[in-house]
Amino acid sequence: MGHVRTWKPVSSFSCISNVTRKKNPMTTISDSAPSGRTLSTSTASGLSLSSLARPDSGWQFSLYPAAGEGGGSFRGSVRRASSFVPAGKATNPERSLEEAGRRARSKLRRYCAANRLNRLGTLTYRGEGCHDPNQVREDLGQFFRNLRAEVGPLPYAWVPEWHPGGHGLHAHFAVGQFVKRQLIDKAWGHGFVHIKLIGDLPVGSGSLSESRIAASYLAKYVSKTFLGAQSVLGMHRYDVAQGFQPKAVALVGKSAQDVINQASSAMGSYPATEWLSRSEPTWEGPPVVWAQWGR
């Protein structure tokens, strides 16, 4: 039989000021220091630890309860100084684009999951199509304004894509509620519309799983906008309705397991999926942990 973990909720969340840290092995403490006096905290090299220690060091984890996921990393006291890099001027452009794509896909996935966007649609243009990215964005803005005028507040996400056959641009979008087909046709008015509810998932799956599948489709199209001719600096890779962004809960702990336990306490269960960077032999960044809850 497999090992079964018994859920034991964490009594409380830790905060930055309450994180217990081990003594630095390089710290020197004078045996003859008088009682009540401050002990020496200098390193073997003579540097003051106060110049190296940071109050926000340790494991930091951002939990998005509405999206059922969270992630975090270890932040040390000594860090590389950050500097502004203009768009298109990165030292390693390829890696920069990969990181930007990863961040965009993560934000889009959390937004779709938190708002249960489980209906996928495609909007195309009739005739010769549309080859102007600015025009597509203007038309999509009007499309969603038209929909909101009919159905009220509506969280949504959309991603543009160039048609492989040279027909120009079309758009993929996701919403989380039923909207009559005739309303969608009327709101678009530039060509053809296709929409479907995500289905055919395992028994027990709900709208959260459906929305994650929808997000994976949109994320695939987002990735394309970072490649080759589809990459356009200064333009949004995707867009979402404002006012529906999932809120994050900041957690701090002494280890990856510590922050996972805190997050699990908030979610009421252990994560269904958990990933640690140490499982990747080629991982080059700081230690990272990521987890998902629920179905």
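- Remark: side-chain polar atoms of S265 are not paired, donor with acceptor, to backbone N or O of N261 under 3.5 angstrom.
- The minimum heavy-atom distance between P133 and W162, with the atom names listed, is CG-CZ2, 4.2 Å.
- With hydrogens and angles disregarded, a donor-acceptor distance shorter than 3.5 Å links the side chain of R181 to the backbone of V193.
- Using the six-membered ring where Trp is involved, W283 and W275 have ring planes that are perpendicular, over 60° apart on the 30 and 60° scheme.
- Checking each of Y217, W158, Y221 against H172 for a ring-ring contact (aromatic ring centres under 6.0 Å, His included) leaves exactly one that passes, namely Y221.
- Side chain of H167 to main chain of T124: no donor-acceptor pair is present (N/O by atom type, distance under 3.5 Å, no hydrogens or angles).
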For a side-chain contact (heavy atoms from CB on, under 4.5 Å) check, start with the C-alpha distance between D239 and R137, then their side-chain angles and the critical distance, and finish with the verdict. CA-CA 9 Å; D239 205 356; R137 284 160 173 77; over 6 Å; no

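- N146 contributes a side-chain N or O that, together with a main-chain N or O of A187, makes up a donor-acceptor pair within less than 3.5 Å.
- Under a 4.0 Å N-O distance rule, the pair E210/R116 does not qualify as a salt bridge.
- With 3.5 Å as the limit, one finds a donor-acceptor pair spanning the side chains of Q262 and D258.
- Closest approach of A241 and Y111 over heavy atoms only: O-OH, 2.9 Å.
- Hydrophobic clustering (ILVMFWY, side-chain heavy atoms < 4.5 Å, transitive): Y156 and L169 are in one cluster.
- Between W188 and L140 the shortest side-chain heavy-atom distance falls below 4.5 Å.
- Side-chain contact check for E69 and W293: no donor-acceptor pair (N or O, by modelled atom type) lies under 3.5 Å.
- Between F173 and F143, the distance separating the two ring centers is shorter than 6.0 angstrom.
- Under the 3.5 Å distance criterion, the side-chain polar atoms of Q242 are matched with a main-chain donor or acceptor of V240.
- Atom CD of E128 has 12 or fewer neighbouring heavy atoms from other residues, nucleotides or ligands inside a 6.0 Å radius.
- By the 6.0 Å contact criterion, CZ on F144 is enclosed, its count of non-hydrogen atoms from other residues, nucleotides or ligands being greater than 12.
- Shown here for P153 and F244, the closest heavy-atom pair between the two residues is CB-CZ, 4.2 Å.
- Applying the 6.0 Å contact sphere to CZ of R148 captures more than 12 heavy atoms from other residues, nucleotides or ligands.
- Side-chain contact, E138 with N134: no donor N or O sits under 3.5 Å from an acceptor N or O.
- Under the 4.5 Å side-chain heavy-atom criterion for Ile, Leu, Val, Met, Phe, Trp and Tyr, Y64 and Y270 are members of distinct hydrophobic clusters.
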